[in-house]
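Notes follow the structure.
Per chain, numbering begins at 1; letters A, B, ... match sequence-line order.
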Number of protein chains: 2
Amino acid sequence: MVSAAAHATPTFSPLYQQIKALILGSLRSGEWKPGEVIPSEIELAARFRVSQGTVRKAIDELAAENLLLRRQGKGTFVATHAEQQVQFRFLKLVPDSGSRGSEGPAQRDIIECRRVRASADVAKALALRCGDTVLQVRRVLSFGGAPAILEDIWLPAAPFKGLTAERLATCKGPMYALFETEFNVRMVRAEEKIRAVAATETHADLLKVAVGGPLLSVERIAYTYQREPMELRKGYYRTDTHHYQNDMN
Amino acid sequence: MVSAAAHATPTFSPLYQQIKALILGSLRSGEWKPGEVIPSEIELAARFRVSQGTVRKAIDELAAENLLLRRQGKGTFVATHAEQQVQFRFLKLVPDSGSRGSEGPAQRDIIECRRVRASADVAKALALRCGDTVLQVRRVLSFGGAPAILEDIWLPAAPFKGLTAERLATCKGPMYALFETEFNVRMVRAEEKIRAVAATETHADLLKVAVGGPLLSVERIAYTYQREPMELRKGYYRTDTHHYQNDMN
DNA sequence: TAGTGGTCTAGACCACATA
DNA sequence: ATGTGGTCTAGACCACTAC
């Protein structure tokens, strides 16, 4: 028996995975921006010197991961948070009666937006060094006139240079859509840690609830392409008239 | 398999979707049980008179939905909650430090298990009539000696005929694995509504927390094949040392 | 060595959107 | 009419598992 394997590389990577990585690279580099069409399967097959079927399988996986969006007869598009169908993809709070029909919070009040030095936990979450400059945003989201969500958001200062409270206030769609068009940052994945906590005075004041009453704490880290953390968000949700909906397959 | 519906019927169903429905039927009927191998792709292609590629695409989708599990060189298997890799798939509570390594709660105490009449909300959740007989189970799950979860579970009486507190207490693995082997019920999907609530005296007593303190309320409806609701579960989680983890792609 | 799922190809045809 | 993605096929070959 020959102990040596036929190929020296123990890492076997299918062709379509390599193609997938190449497409991902073009997405990450900004060659194709959110909302735009990417080249047709036939063009990509020619560019990469593989069959259309191989390109198809690569795109299939990227579409399953919500990075691309296929539209029959029209082409394949880079997914975007501005898309009507997938707006507020990461917002799981829905009214107890009926489900939110892809529309977001009616009112969004920016309480503050300032530059601060990253604390230890913020730095860790964003893969920065302690003391690095970050943007801190506080806002309140309301549904039907009643405040329901208080959010504290931390963003690395460099990629979001120029972001102001005014700019956030004049934004109509989702904040993540603004990030795409203004800062070329696309959020593709998010992890949330959820807890029940007692409302502090600040919470109570801004959300019009009783001090010590139960609030849902939602701590999110959002990632761009390549699993780079780009946002830390600590949310406090009222869950007396709404609930956090999680569907599992 | 090619239906001759070439009329004005707006219902166009690809071949592989029809194959998928047929495979689903066999799963539902119990022809192939959880943990068993299903026939090879070549066999299924012969049975259904289609190409292997078409069978493959049908199986691909079922595998993506966690109904089947492909294992290269061995075959395709019916997914099961007894599987080491996917045990406690629907349990999202993890310790704050480090993540649960596929092991579940160390201790599971059955507080009660009795037959009751379905209240309005239980009947609605389980698609039963108000007053129908249901089994009600209450239990406490502990991690590392400390109680962390109180659960009230309602099951339709008919499919779970013969289930007792003793049988539940002697069960080692996940409850859903017991359901598969003893009652031929496989849970494939679950919806959870999550809220923050204040602990009642009962909660406080069983979970060793303060009355009025924050608890995570997790209301789950679990479904078998074909989206039939088969379980209603109201859980109350302590989230001082653990958190509910939700990862979104 | 045989059988399984996994990859890759090439080509035909269908459904959908647009011009 | 053209171009896009979607379906279906047939066949070759690769990688993994078991015997």
Side-chain angles (χ1 to χ4, degrees), chain A residues 1-23 32 35-64 66-79 83 85, chain B residues 1-23 32 35-64 66-79 83 85:
Chain A
M1 288 299 166
V2 186
S3 61
H7 45 270
T9 63
T11 60
F12 163 69
S13 181
L15 239 189
Y16 77 89
Q17 288 286 4
Q18 301 173 40
I19 304 302
K20 183 181 171 185
L22 290 171
I23 294 174
W32 309 316
E36 293 180 357
V37 234
I38 72 171
S40 74
E41 296 178 350
I42 293 174
E43 281 181 83
L44 290 173
R47 178 201 290 205
F48 298 131
R49 309 295 189 92
V50 298
S51 77
Q52 184 181 355
T54 301
V55 171
R56 168 169 289 273
K57 184 147 188 181
I59 291 179
D60 277 346
E61 289 204 352
L62 291 166
N66 294 304
L67 299 187
L68 296 178
L69 182 64
R70 323 192 70 147
R71 283 194 255 178
Q72 182 172 154
K74 301 181 74 171
T76 300
F77 298 75
V78 182
E83 198 74 30
Q85 307 293 341
Chain B
M1 286 306 102
V2 181
S3 62
H7 311 325
T9 65
T11 62
F12 161 70
S13 183
L15 240 189
Y16 78 89
Q17 287 287 3
Q18 301 173 40
I19 304 302
K20 183 181 171 187
L22 290 171
I23 295 174
W32 309 316
E36 292 181 358
V37 232
I38 72 170
S40 75
E41 297 178 350
I42 293 173
E43 281 181 85
L44 290 174
R47 181 202 288 203
F48 298 132
R49 308 297 188 90
V50 298
S51 78
Q52 184 182 354
T54 301
V55 170
R56 170 168 285 273
K57 184 148 188 180
I59 291 179
D60 276 346
E61 289 205 351
L62 291 165
N66 295 304
L67 299 187
L68 295 177
L69 183 64
R70 323 192 72 147
R71 283 195 254 180
Q72 183 171 156
K74 302 180 74 171
T76 300
F77 299 75
V78 183
E83 198 74 30
Q85 307 292 341

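- Dashed line: the shortest gap from a side-chain N or O of K57(A) to OP1 or OP2 of dT7(C) is under 4.0 Å.
- Checked against salt bridge (Lys or Arg N to Asp or Glu O under 4.0 Å), E43(B) has no partners two or more places apart in sequence or in another chain.
- When distances run from any side-chain atom of R56(B) to the nucleotides dC8(C), dG6(C), dG5(D), the shortest one goes to dG6(C).
- Comparing the helix axis at one end of the helix from dT1(C)-dA18(D) to dT18(C)-dA1(D) with that at the other, each defined from 5 consecutive pairs, gives an inter-axis angle of 10° (nearest 10°).
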Name the atoms and distances for all side-chain donor-acceptor pairs under 3.5 Å in residues 44-51 of chain A, with sequence neighbours left out.
residue	atom	partner	partner atom	Å
R47(A)	NH2	E31(A)	OE2	3.3
S51(A)	OG	G53(A)	N	3.4
S51(A)	OG	T54(A)	N	3.4
S51(A)	OG	T54(A)	OG1	3.3

Pairs of donor and acceptor atoms involving the side chains of residues 66-76 of chain B, under 3.5 Å and at least two apart or interchain, shall be tabulated with distances.
residue	atom	partner	partner atom	Å
N66(B)	ND2	N249(A)	O	3.1
R70(B)	NH1	D60(B)	OD1	2.5
R70(B)	NH2	E41(B)	OE2	2.1

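- In this structure, E36(B) CD and I38(B) CD1 are separated by 11.0 Å, a value rounded to the nearest 0.5 Å.
- Taking 4.0 angstrom as the limit, S40(A) places none of its side-chain polar atoms (N or O) nearer than this to OP1 or OP2 of dG3(D).
- A donor and an acceptor atom never sit less than 3.5 Å apart when one is taken from the side chain of R71(A) and the other from the base of dG5(D).
- In terms of phosphate contacts, S51(B) brings no side-chain nitrogen or oxygen within less than 4.0 Å of OP1 or OP2 of dA10(D).
- Between T54(A) and dT9(C) there is a side-chain N or O to OP1 or OP2 distance below 4.0 Å.
- By the side chain to side chain donor-acceptor pair (under 3.5 Å) test, E61(B) is found to be paired with K20(B), residues two or more places apart in sequence or in another chain being considered.
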If a protein heavy atom is under 4.0 Å from the base, mark B; if only from the sugar-phosphate, S; if neither, -; do that for nucleotides 14-19 of chain C going 5' to 3'. -BBSS-

